[in-house]
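Whatever order the structure lists them in is the order used to number ligands and atoms, beginning at 1. Every value quoted in this text rests on a predicted model; they were computed, and no experiment measured them.
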Amino acid sequence: MHADMAGILIAEAQIGARVRELGTQITSDYRDQGDLLLVGVLKGSAMFMMDLARAIKLSVAIDFIAVASYGASTESSGVVRLLKDLDTDIAGRHMLLVEDIIDSGMTLAYLRSQMLRRNPASLRICTLLNKPDRRTADVPVDYVGFDIPNEFVVGYGLDYAERYRNLPYIGVLKPVVYMAS
Ligand code: IMP
Ligand code: MG
């Protein structure tokens, strides 16, 4: 385990097993819809997105969107800004938004309202991690990998100040690491 971790919350094998389950469920839910567009929210969802895409046994298109809300802090600023838009026109398409973690819900509430204005055929949300206790914005979530307690986690795509994204597990960061900066 990395020295900055207080502990491992979700081990690599658990993540893999749950991602395969989500892939199976999404495959069966979209089997008769034809065209599915997966949209990952950069950068945190990138690892999850690639593993999930491989676990979905349908032909899918992939796109990414980037937003900024956090900076180097562990609390959402509440201000969400679009940094990179989609390359794809989503009108009439079935779109699945893929997130790493839902905390306050403000990022996804913003993205969802922006995407709905473009008239997709459907819009669902899939998140690897969910912190239900922290929700302030009301946003419907269709697929959840794991509900987790209110602790700051990193790894498997999630960062603190751009670090730890490449850890293969979800770990709890020692508070001393972010209190020092
Ligand atoms: P929300 O807008 O408060 O739901 O924040 C969602 C975003 O905050 C996520 O996409 C992450 O980038 C970031 N975030 C929230 N909680 C954590 C965490 O525990 N570790 C790392 N990033 C987090
Ligand atoms: Mg994110």
Trainee: Any chain of hydrophobic side-chain contacts (each under 4.5 Å) joining Met1 to Val176?
Mentor: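 Cluster IDs for Met1 and Val176 match.
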Trainee: Using side-chain heavy atoms (C-beta onward) and a distance below 4.5 Å, is Leu97 in contact with Leu123?
Mentor: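 They are in side-chain contact.
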Trainee: Which atoms from ligand 1 have a heavy atom of Thr107 less than 4.0 Å away?
Mentor: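 Under 4.0 Å from Thr107, ligand 1 has these atoms: 1 (P), 2 (O), 5 (O), 6 (C).
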Trainee: State, with a plain yes or no, whether a side-chain heavy atom of Asp63 is found less than 4.5 Å away from one of Ile90.
Mentor: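 No, every pair of side-chain atoms sits at 4.5 Å or beyond.
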Trainee: One residue to check: Lys131. Relative to ligand 1, which of side chain, backbone, both or neither has a non-hydrogen atom less than 4.0 Å away?
Mentor: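 Side chain only.
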Trainee: Heavy-atom contact check, 4.0 Å cutoff: does Val154 meet ligand 1?
Mentor: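 It does not, in that no heavy atom of Val154 comes within the 4.0 Å cut-off of ligand 1.
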Trainee: Does a side-chain heavy-atom distance below 4.5 Å link Leu42 with Leu83?
Mentor: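 Counting from C-beta outward, Leu42 and Leu83 never come under 4.5 Å.
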Trainee: Hey, which of Thr127, Asp29, Asn130 is the one that makes side-chain hydrogen bond (donor to acceptor under 3.5 Å, both in side chains) with Tyr143?
Mentor: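 Answer to the side-chain hydrogen bond (donor to acceptor under 3.5 Å, both in side chains) test with Tyr143 among Thr127, Asp29, Asn130: Asp29.
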Trainee: Can you list the residues that meet the side chain to side chain donor-acceptor pair (under 3.5 Å) rule with Arg20, with sequence neighbours excluded?
Mentor: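 With sequence neighbours excluded, Arg20 shows a side chain to side chain donor-acceptor pair (under 3.5 Å) to no residue whatsoever.
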Trainee: Can you list the atoms of ligand 1 that are under 4.0 Å from a heavy atom of Ser104?
Mentor: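 Near Ser104, meaning under 4.0 Å from one of its heavy atoms, ligand 1 has 1 (P), 2 (O), 3 (O), 4 (O).
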Trainee: Pick whichever of Val67, Thr136, Leu9, Val153 has a heavy atom sitting closest to atom 21 (C) of ligand 1.
Mentor: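 Among Val67, Thr136, Leu9, Val153, the closest heavy atom to atom 21 (C) of ligand 1 belongs to Val153.
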Trainee: Run the salt bridge (Lys or Arg N to Asp or Glu O under 4.0 Å) test on Asp100 and Arg165 for me, step by step, so that the C-alpha distance in whole Å, both residues' side-chain angles and the decisive distance to 0.1 Å come before the verdict.
Mentor: CA-CA 11 Å; Asp100 52 354; Arg165 291 193 198 273; 5.5 Å; no
Trainee: Could you pull out all residues at least two apart from Tyr164 that satisfy ring pair (Phe, Tyr, Trp, His ring centres under 6.0 Å)?
Mentor: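 Partners of Tyr164 under the ring pair (Phe, Tyr, Trp, His ring centres under 6.0 Å) test: His2.
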Trainee: Backbone, side chain, both or neither: what part of Leu158 comes under 4.0 angstrom of ligand 1, heavy atoms only?
Mentor: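 Side chain only.
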Trainee: Take every heavy atom of Gly44, measure it against each atom of ligand 1, and state whether any distance is under 4.0 Å.
Mentor: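 Flag not set, Gly44 not near ligand 1.
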Trainee: Any nitrogen or oxygen of Ile102, main chain or side chain, under 3.5 Å from a nitrogen or oxygen of ligand 1?
Mentor: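 No: no nitrogen or oxygen of Ile102 is under 3.5 Å from one in ligand 1.
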Trainee: Can you list the ligand 1 atoms lying under 4.0 Å from a non-hydrogen atom of Glu151?
Mentor: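 That gives atoms 19 (O) of ligand 1.
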Trainee: Taking the non-hydrogen atoms of Arg134, is any one of them nearer than 4.0 angstrom to ligand 1?
Mentor: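 Checking ligand 1 against Arg134, which is what was asked, there is no heavy-atom contact under 4.0 Å.
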Trainee: Quick check on contacts: which atoms of ligand 1 are under 4.0 angstrom from a heavy atom of Glu99?
Mentor: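 Close to Glu99: 10 (O).
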Trainee: Is it the case that atom CG in Asn150 sees more than 12 heavy atoms from other parts of the structure closer than 6.0 Å?
Mentor: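 More than 12 within 6.0 Å, yes.
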Trainee: Looking only at heavy atoms of Asp159, does any of them come nearer than 4.0 Å to an atom of ligand 1?
Mentor: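 Yes, that is the case, since the closest heavy atom of the residue is under 4.0 Å from the ligand.
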Trainee: Measuring from atom 14 (N) of ligand 1, which candidate in Asn130, Leu173, Ile101 has the nearest non-hydrogen atom?
Mentor: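 Among Asn130, Leu173, Ile101, the closest heavy atom to atom 14 (N) of ligand 1 comes from Ile101.
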